[in-house]
Amino acid sequence: KKKDNALLRYLLDKDDN
Amino acid sequence: DSSEEDNSRLSMLPHLADLVSYSIQKVIGFAKMIPGFRDLTAEDQIALLKSSAIEIIMLRSNQSFSLEDMSWSCGGPDFKYCVNDVTKVHIGSFVCESRCLWYECMGLFSADRPGVQDHARIEALQDRLCDVLQAYIRIHHPGGRLLYAKMIQKLADLRSLNEEHSKQYRSLSFQPEHSMQLTPLVLEVFGSEVS
């Protein structure tokens, strides 16, 4: 699988607090 | 086509792209708060977000829609969109209360979206949300026995609008003079690349 959608991955991973 | 009217209609594209980009970030934050969402694989989270984000954004855009002058207010009098600006977006005046939130969740957890892998798990999450929505309607809208069915129907309407959006997005993104005005996040989320 390609590891694309980098921005989405970043926004999903980042801590929202 | 390249008529003058067409050009002026897209003059607000950079602002609209900014708005949608901002909204996508809000949708991601919203999805992350829903119990169960973060337990899905990253691939499934991405697949669900890419296919449902525009539906949630369209639902939410109704909150800034005024029936009085038939326009959306998007930050001050300079940023008003009339119906003609965004003809295909309006989906009827939704009553915005917490049932809309459940509704957005249900759209998000649709197992039949392209690229989704763990169908059973996503369906189970949606089933749970359906139960909660039905309970919510029983408590807060005791006379509204048809409300649930109507809302499910609206999910189908949102899907058609989603398809319409995809078509319009594709034709727009094929034109470099327009696609260069979109943001990287918009390009990524609405781009056809599946995770």
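Remember, it's a predicted structure, so these values are computed and weren't measured experimentally. Just so it is clear: chains get the letters A, B, ... in the order the sequence lines come, proteins before strands, and each one is counted from 1.
- Residue pairs meeting the salt bridge (Lys or Arg N to Asp or Glu O under 4.0 Å) criterion with at least one partner in residues 129-139 of chain B, sequence neighbours excluded, do not occur; the list is empty.
- One finds the CG atom of A/N5 at 8.0 Å from the CD atom of B/E43 (value rounded to the nearest 0.5 Å).
- Note on B/Y22 and B/L182: separate hydrophobic clusters, where clusters join Ile, Leu, Val, Met, Phe, Trp and Tyr whose side-chain heavy atoms are under 4.5 Å apart, directly or indirectly.
- Looking at A/R9 and B/E188, no side-chain N of the basic residue comes within less than 4.0 Å of a carboxylate O on the acidic one, giving no salt bridge.
- A side chain to side chain contact (heavy atoms under 4.5 Å, CB included) with A/L11 is found for exactly one of B/I24, B/V27, B/V189, B/L185, namely B/L185.
- Among residues at least two apart or in separate chains, salt bridge (Lys or Arg N to Asp or Glu O under 4.0 Å) pairs with a member in residues 26-41 of chain B are A/D16-B/K32.
- A distance of 6.5 Å separates CG in A/L8 from CG in B/L49, rounded to the nearest 0.5 Å.
- Residues B/I122 and B/L155 fall within the same hydrophobic cluster, defined by Ile, Leu, Val, Met, Phe, Trp and Tyr side chains chained together at heavy-atom separations under 4.5 Å.
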